[in-house]
Amino acid sequence: MSIENVNNTRPDWDRYFLDLCEAISKRATCNRGKCGAVIVKDKRIMTTGYVGAPAGLPHCDEAGHDMRKVFNLDGTTTTQHCVRTLHAEQNAIIQAARFGISLEGSTLYCKMTPCRTCAMMIINAGIKRVVCEKRYHADSDTIKYFKQANIELIIINNEVEQYKNQ
């Protein structure tokens with residue numbers, strides 16, 4: 001008996017790597033905005049990262065969330081953020097630094113538009129393309145910075161990612 005692929009369709013490379021982000025996100029230790037990231041060069045995985053506390057420090061699923069209010073530039077409160085963890089993008093870039101992997105000219109795949117801090121790290125790491133599934137609610141600086149730095153930004157679904165207690 002043979003197993004057939006009924007529709008015989010393969011995902012394109014962007015979908016393939018975005019799907020890997022979903023699998024990687026299952027290792028995240030903060031249940032808010034669970035994300036994974038993959039950095040790829042020449043269709044080869046260079047490094048991955050997921051949301052989690054720094055190595056050796058307690059994770060959210062052990063110690064609970066460390067929630068902080070984030071304010072707009074005009075002083076109005078916007079959202080609640082857990083600051084116990086590093087973002088998936090940060091962890092992927094840090095892993096590359098630890099193991100001497102150059103990210104120059106690579107593509108980063110992630111769940112939502114990177115935050116402002118991650119965007120600045122992406123620029124300085126030499127990453128030239130970012131592909132994300134959805135929008136982050138506070139991504140205006142990221143979009144502006146990527147445009148200024150000539151980083152190609154592809155957002156598959158223009159919907160803003162929603163998560164619990166945002």
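In this chain, numbering begins with 1 at the start of the sequence shown. As the structure is a computational prediction, the values presented were derived from the model and not from experiment.
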Is it true that a side-chain atom of [X] and a backbone atom of [Y] form a donor plus acceptor pair closer than 3.5 Å?
| X | Y | value |
| --- | --- | --- |
| K111 | C21 | no |
| S106 | I39 | no |
| N157 | E159 | yes |
| S25 | K34 | no |

Give a yes or no on whether D42 atom CG has more than 12 heavy-atom contacts from other residues, nucleotides or ligands under 6.0 Å away.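 For D42, atom CG is not crowded (no more than 12 foreign heavy atoms under 6.0 Å).
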For [X] against [Y], the heavy-atom pair lying closest together:
| X | Y | answer |
| --- | --- | --- |
| Y16 | P11 | N-CB, 4.1 Å |
| Q95 | T48 | CG-O, 4.0 Å |
| Y145 | R116 | OH-NH2, 3.1 Å |
| I93 | A125 | CG2-CB, 4.3 Å |
| T85 | A53 | CG2-N, 3.8 Å |
| E89 | M112 | OE2-O, 3.9 Å |

Could you grab the distance from atom [atom1] of [X] to atom [atom2] of [Y], nearest 0.5 Å is fine?
| X | Y | atom1 | atom2 | answer |
| --- | --- | --- | --- | --- |
| I123 | I151 | CD1 | CD1 | 4.5 Å |
| L18 | K134 | CG | NZ | 12.0 Å |
| D141 | M120 | CG | CE | 8.5 Å |
| I127 | M46 | CD1 | CE | 10.5 Å |
| I156 | D14 | CD1 | CG | 5.5 Å |
| I24 | C35 | CD1 | SG | 11.5 Å |

Ion pair present between E133 and R15, side-chain N to carboxylate O less than 4.0 angstrom? yes
Close side-chain approach of Q90 and T117, heavy atoms under 4.5 Å: yes
Using side-chain heavy atoms (C-beta onward) and a distance below 4.5 Å, is K41 in contact with L103?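 A side-chain contact is absent here, since even the closest heavy-atom pair is not under 4.5 Å.
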Selection residues 94-130 - residue pairs positive for ring pair (Phe, Tyr, Trp, His ring centres under 6.0 Å), sequence neighbours left out: F17-Y109
Going by side chain to side chain contact (heavy atoms under 4.5 Å, CB included), I154 matches just one of V130, T107, V131. Which one? V131
Tell me whether L153 is reachable from I122 by hopping between hydrophobic residues (I, L, V, M, F, W, Y) whose side-chain heavy atoms are closer than 4.5 Å.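 Same cluster: I122 reaches L153 through Ile, Leu, Val, Met, Phe, Trp or Tyr contacts under 4.5 Å.
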Quick check on the hydrophobic clustering: are L108 and I155 connected, directly or via other members, by side-chain heavy-atom contacts under 4.5 Å?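 They do share one cluster, since a chain of ILVMFWY contacts under 4.5 Å joins L108 to I155.
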